[in-house]
Amino acid sequence: MRISIRPPQNFNFKRTVLSHGWCALMPFEFDQQTWTLDRVLETNSSVPVTVRIRNKKRAIEIEPDRTVGARVTAAIERDVRHMLRLDDDLASFYDAMSAEPEFSWIPQQGAGRLLRSPTVFEDLVKMMCTTNCSWALTETMTKNLVKNLGRAARDGRKAFPTPAAMAGVSEKFYRDEVRSGYRAPYLKELADRVASGSLEVETWLASELPTTELKKQMKEVKGIGDYAAENLLRLVGRYDGLALDSWTRGKFAAVRNRGRAASDKKIGRYYSRFSSWRGLAFWCDLTRDWLEESCGAE
DNA sequence: GCGTCCAGGTCTACC
DNA sequence: GGTAGACCTGGACGC
């Protein structure tokens, strides 16, 4: 069985999948040799479905691990559209980038769609696991969450755990099994609040709050500070913040400041001309070298 | 082998 | 509102 989705014009599958580190975090599994992205999806079915996502000429091709009915097919399509940001309107971003010679590669290559998880909850948990640690530890914590608490698809691979599954284990479990250290109480509290319905993080996707207010709401989650909130804002489609961290500060120094450290204010000033798109312009600028220049829109 | 440092930060207490 | 210190983990590095 194969499901085909027509992407928007100049959609770039490679730039989207490799837009940041998410494709390396379970239950995403990415093979750069074959450019296939595997992912286990909950899809509200009795058993989760593993899908293989590929880029074909003028289409995104999705191959589920089994034949599924219309309801699950619709859920898979919805999740893939969401993850690959196929419905994001980047027209005004591309207009702004086209006006700047050093940024015109972005619309030319169709960059700017940042891979995200099927749910805000998953992105929020993962973001918490990126703070104050090496990338290797982020991968370990995510893997432990999925392997211990995720539901298995027929091929044995696991989905990302639901809020209820995460709420069902103790703080000790997060320390001992997930290896999340001091983040354990934060993860437990977040899962409890989302599972009980007292915190509705999925509403952030369509929130009408001004960005500053939405950021404030995100920071009310323990373990989420400026860096994590601004990264989450990008994943819900708001690009005002730069989400500065040690990696981006170092990369800005290398790419835009002759190898010398720059203050956060200086970094902010550099991208301020891009107004509400500055966070996306910043991220694309710093990750331009992640793919070859020949990797144009496809 | 052992000790130290620090990585895609955040929280809290204190001033 | 600004800042210092504490916080888990695990890999890298120097000795």
Side-chain angles (χ1 to χ4, degrees), chain A residues 17-26 28 30 114-117 120 122-148 166 169-193 199 201 212 214-236 238-257 259 261-265 267-268 270-271 278-291:
Chain A
V17 171
L18 270 188
S19 52
H20 60 134
W22 254 213
C23 67
L25 297 181
M26 288 179 71
F28 282 115
F30 172 56
L114 306 182
L115 184 71
R116 63 185 171 189
S117 307
V120 175
E122 180 181 331
D123 282 334
L124 183 51
V125 169
K126 285 178 171 173
M127 206 61 78
M128 212 179 263
C129 294
T130 67
T131 58
N132 195 28
C133 65
S134 62
W135 183 250
L137 185 55
T138 299
E139 291 181 312
T140 298
M141 288 187 270
T142 308
K143 181 186 74 183
N144 290 338
L145 279 172
V146 171
K147 291 204 165 175
N148 285 302
M166 285 184 59
V169 294
S170 65
E171 185 182 316
K172 187 173 185 303
F173 180 90
Y174 287 101
R175 285 187 191 277
D176 298 346
E177 305 300 327
V178 179
R179 311 301 295 165
S180 62
Y182 71 90
R183 302 167 196 81
Y186 304 157
L187 289 167
K188 172 64 176 162
E189 184 182 316
L190 170 63
D192 285 345
R193 290 177 67 194
L199 177 64
V201 297
T212 49
L214 184 55
K215 181 179 172 184
K216 198 172 157 188
Q217 210 174 89
M218 289 174 169
K219 287 179 68 176
E220 284 170 7
V221 175
K222 276 196 179 176
I224 298 297
D226 282 326
Y227 152 83
E230 288 178 7
N231 263 319
L232 273 170
L233 283 166
R234 284 183 191 159
L235 297 183
V236 300
R238 306 199 192 204
Y239 304 100
D240 317 41
L242 300 187
L244 290 166
D245 58 21
S246 56
W247 184 84
T248 53
R249 289 184 180 101
K251 187 76 181 194
F252 179 86
V255 171
R256 293 291 178 192
N257 207 39
S263 69
D264 291 358
K265 278 188 179 174
I267 299 173
Y270 188 86
Y271 296 95
R278 59 186 176 271
L280 191 53
F282 168 69
W283 184 254
C284 289
D285 195 30
L286 299 190
T287 56
R288 181 178 183 172
D289 61 359
W290 283 11
L291 281 172

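Residue numbering restarts at 1 for every chain, and letters A, B, ... go by the order of the sequence lines.
Counting to the nearest Å, the P atom of B:dG8 and the CG atom of A:L25 are 13 Å from each other. For the pair A:R234 CZ and B:dG8 P, the interatomic distance rounds to 15 Å; values are reported in whole Å. The distance between atom CG of A:D245 and atom C1' of B:dG8, rounded to the nearest whole Å, is 4 Å. Taking atom CG of residue A:N132 and atom P of nucleotide C:dC8, one finds them 11 Å apart after rounding to whole Å. In this structure, CG of A:L137 is placed 5 Å from C1' of C:dT9, rounded to the nearest angstrom. Atom pair A:M141:CE and B:dG9:C1' shows a separation of 11 Å (rounding to whole Å applied). Rounded to whole Å, atom C1' of B:dG8 lies 14 Å from atom CG of A:L114. The distance between atom CH2 of A:W135 and atom P of C:dC8, rounded to the nearest whole Å, is 22 Å.
Distances shorter than 4.0 Å separate none of the side-chain N or O atoms of A:S246 from OP1 or OP2 on B:dC6.
By the 4.0 Å N-to-carboxylate-O rule, A:R234 lies too far from A:D123 to be salt-bridged with it.
With B:dG8, B:dG9, C:dG10 as the choices, the nucleotide that has an atom nearest any side-chain atom of A:N231 turns out to be B:dG8.
Within the 4.0 angstrom heavy-atom criterion, no nucleotide atom of any strand lies near A:L244. Looking at heavy-atom distances under 4.0 Å, A:R249 makes no contact with the nucleic acid at all. Contact annotation for A:A228: backbone-only contact, meaning every heavy-atom pair under 4.0 Å involves sugar-phosphate atoms and none involves a base. Across all strands shown, A:V221 has heavy atoms under 4.0 Å from sugar-phosphate atoms exclusively, and none from any base. Residue contacts for A:T131: at a heavy-atom cut-off of 4.0 Å it reaches the sugar-phosphate backbone alone, with no base atom in range.
A gap of 15 Å separates the P atoms of C:dC8 and B:dA13, to the nearest Å. Taking atom C1' on both B:dC6 and B:dT10, the two are 16 Å apart, rounded to the nearest angstrom. Atom name P, nucleotides C:dC13 and B:dG8: the rounded distance is 13 Å, in whole Å. Rounded to whole Å, the separation between the C1' atoms of C:dC7 and B:dA7 comes to 14 Å. Comparing B:dC5 with C:dA6, their P atoms sit 13 Å apart, to the nearest whole Å.
With hydrogens and angles left out, the side chain of A:Y227 and the base of B:dG9 share no donor-acceptor pair within 3.5 Å. On a pure distance criterion of 3.5 Å, no polar donor-acceptor pair joins the side chain of A:Y186 and the base of B:dG9.
Side-chain N/O atoms of A:Y270 and A:D285 include no donor and acceptor closer than 3.5 Å. Side-chain polar atoms of A:S180 and A:Y186 form no donor-acceptor pair below 3.5 angstrom.
The shortest heavy-atom contact between A:R175 and A:G181 is NH1-O, 3.3 Å.
Using the Watson-Crick or G-U wobble rule with both distances under 3.5 Å, C:dC8 pairs with nothing in any strand shown. When both distances must be under 3.5 Å, the Watson-Crick or G-U wobble mate of B:dA13 is C:dT3.
Formation of a donor-acceptor pair under 3.5 Å by the A:R238 side chain with backbone atoms of A:K215 is not found in this model.
For the pair A:S134 and A:K222, both in contact range of DNA chain B, the more 5′-proximal nearest nucleotide belongs to A:S134.
Taking the six-membered ring for Trp and thresholds of 30 and 60 degrees, A:W283 and A:W247 have ring planes inclined between 30 and 60 degrees apart.
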